[in-house]
Amino acid sequence: MGDKTDRNGIFAGDDPFAIARNWLAEAEQTEPNDANAIALASVDGRGLPNVRMVLLKEIETDAFVFYTNYESAKGQELAQSGKAAFVMHWKSLRRQLRVRGLVSREDGPQADAYFASRGLQSRIGAWASDQSRPLASRASLVARAAKFALSKGPNPARPPYWGGFRIHPLEIEFWADGAHRLHDRFQWRREVVSASWEITRLNP
């Protein structure tokens, strides 16, 4: 296991979630767009991997939260496997954050509050889109959105099939670019969510 005295500067600290929040805050000052974008990975029933970009909405004290349509491909895959992984890559900082862990749904008041904070058109879009399913044309999607705009009014409630996922990590890796490709990598790992972290410096 790596020597903790070797883990300083941007890697210092005893709380990986605090480090992650600090890195994201730095990236928000330098990235041109969507510093909170993550490449989220899941697997389907055949074990075939799937990956797509989503927006991370919160780094909690012990989990990472994003929102989606539960009936989408990602929603169904996450529900089936109960596991997920993601990577955040900030080109401006030359850093990466990698996470692997277990997922649970966030479909209570916290999801309601986040949905209510979104723009009206985004809320209508959540009702209008049968995410990941075949679509006849863009015109049909626009017409469906217009229909829901009329029926749901100016303050639409959160759809029952839309909400959050919380990723409880078993592994978190902080990566920073180093000269001559001698990058710095620190892995935080635990066997179960309730266990203490083991921190290891990894070869680049």
Side-chain angles (χ1 to χ4, degrees), residues 1-43 49-69 72-75 77-78 83-103 106 110-111 113-115 117-119 121-122 125-126 131 164-190 197-204:
M1 192 164 69
D3 183 353
K4 285 186 69 173
T5 61
D6 187 38
R7 189 170 53 82
N8 49 36
I10 61 172
F11 297 98
D14 297 322
D15 179 356
F17 300 97
I19 298 172
R21 283 190 291 271
N22 289 339
W23 281 28
L24 177 56
E26 285 188 65
E28 287 171 344
Q29 303 303 312
T30 58
E31 288 291 302
N33 294 294
D34 297 330
N36 62 330
I38 62 176
L40 176 74
S42 57
V43 293
N50 219 339
V51 65
R52 75 289 285 166
M53 303 303 297
V54 301
L55 297 179
L56 183 70
K57 288 300 178 180
E58 190 169 358
I59 302 176
E60 298 180 327
T61 57
D62 60 354
F64 299 86
V65 181
F66 66 93
Y67 293 86
T68 191
N69 185 317
S72 66
K74 75 173 98 49
E77 289 168 3
L78 294 172
K83 303 181 180 80
F86 73 77
V87 61
M88 304 181 84
H89 178 212
W90 299 295
K91 291 184 178 181
S92 60
L93 298 179
R94 297 180 179 271
R95 297 183 206 168
Q96 294 182 69
L97 171 66
R98 297 175 61 206
V99 171
R100 302 171 74 201
L102 311 178
V103 298
E106 171 48 65
Q110 185 172 329
Y114 171 67
F115 187 78
S117 75
R118 304 177 88 209
Q121 295 306 315
S122 293
Q131 198 173 108
F165 278 106
R166 182 175 281 110
I167 302 177
H168 307 272
L170 298 175
E171 294 180 12
I172 303 176
E173 182 187 312
F174 298 92
W175 179 103
D177 183 65
H180 314 297
R181 298 193 182 275
L182 301 180
H183 312 304
D184 289 305
R185 296 175 63 187
F186 286 95
Q187 181 192 71
W188 296 61
R189 190 173 185 276
R190 56 190 179 182
W197 292 104
E198 293 186 2
I199 307 169
T200 306
R201 177 185 273 274
L202 301 178
N203 272 279

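Since the model is a prediction, treat every value here as computed from it, not as a measurement. Heads up: numbering here begins at 1 and tracks the sequence.
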Report task. Could you list the residues that satisfy side chain to side chain donor-acceptor pair (under 3.5 Å) with Asp184, not counting sequence neighbours? Result -> Arg201

Query raised in the report: Residues two or more places apart in sequence or in another chain: which of them pass side chain to side chain donor-acceptor pair (under 3.5 Å) with Arg190?
Result: none

Requested in this report: Could you check whether the rings of Trp197 and Trp188 sit parallel, tilted or perpendicular, using 30° and 60° as the cut-offs?
Outcome: perpendicular

Please identify each residue that fulfils side-chain contact (heavy atoms from CB on, under 4.5 Å) with [X], with sequence neighbours left out.
{"X": "Asn22", "result": "none"}
{"X": "Lys83", "result": "Ser81, Leu102"}
{"X": "Gln187", "result": "Glu171, Arg189, Leu202"}

Requested in this report: State which residue, out of Val43, Ile167, Val103, fulfils the side-chain contact (heavy atoms from CB on, under 4.5 Å) condition with Leu78.
Outcome: Val103

Query raised in the report: Among all residues two or more places apart in sequence or in another chain, which pass the salt bridge (charged side-chain N to carboxylate O under 4.0 Å, His left out) test with Glu60?
Result: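 For Glu60 the salt bridge (charged side-chain N to carboxylate O under 4.0 Å, His left out) partners, ignoring immediate neighbours, are Arg166.
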
**Report entry** Pairing residues for Glu26 by the salt bridge (charged side-chain N to carboxylate O under 4.0 Å, His left out) criterion, not counting sequence neighbours
**Finding:**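 Here the qualifying residues are Arg95.
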
Query raised in the report: Is the closest side-chain donor-acceptor distance between Lys74 and Ser42 under 3.5 Å?
Result: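 Per modelled atom types, Lys74 and Ser42 side chains form no pair under 3.5 Å.
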
Query - Glu58-Gln110 side chain donor-acceptor pair, cut-off 3.5 Å - result: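 Yes, side-chain donor-acceptor contact under 3.5 Å.
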
Report task. Could you pull out all residues at least two apart from Phe11 that satisfy ring pair (Phe, Tyr, Trp, His ring centres under 6.0 Å)? Result ->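 Phe11: ring pair (Phe, Tyr, Trp, His ring centres under 6.0 Å) contacts with Trp23, Phe186.
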
Report summary line: When rounded to the nearest 0.5 Å, the distance separating CZ of Phe66 from CG of Leu40 is 4.5 Å

Query raised in the report: In Å, rounded to the nearest 0.5 Å, how long is the span from CG of Asn36 to CG of Leu55?
Result: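 Going from CG on Asn36 over to CG on Leu55, the span is 4.5 Å.
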
Requested in this report: Give the intermediate values and the outcome of ring pair (Phe, Tyr, Trp, His ring centres under 6.0 Å) for residues Phe165 and Tyr67.
Outcome: CA-CA 6 Å; Phe165 278 106; Tyr67 293 86; 9.5 Å; no

Query raised in the report: Has Arg52 got more than 12 heavy atoms of other residues, nucleotides or ligands less than 6.0 Å from its CZ?
Result: yes

Show me, pair by pair, the donor-acceptor contacts under 3.5 angstrom made by side chains of residues 86-93, not counting sequence neighbours?
unit_1, atom_1, unit_2, atom_2, d
Trp90, NE1, Ala35, O, 2.8
Ser92, OG, Thr30, OG1, 2.7
Ser92, OG, Glu31, OE2, 2.4

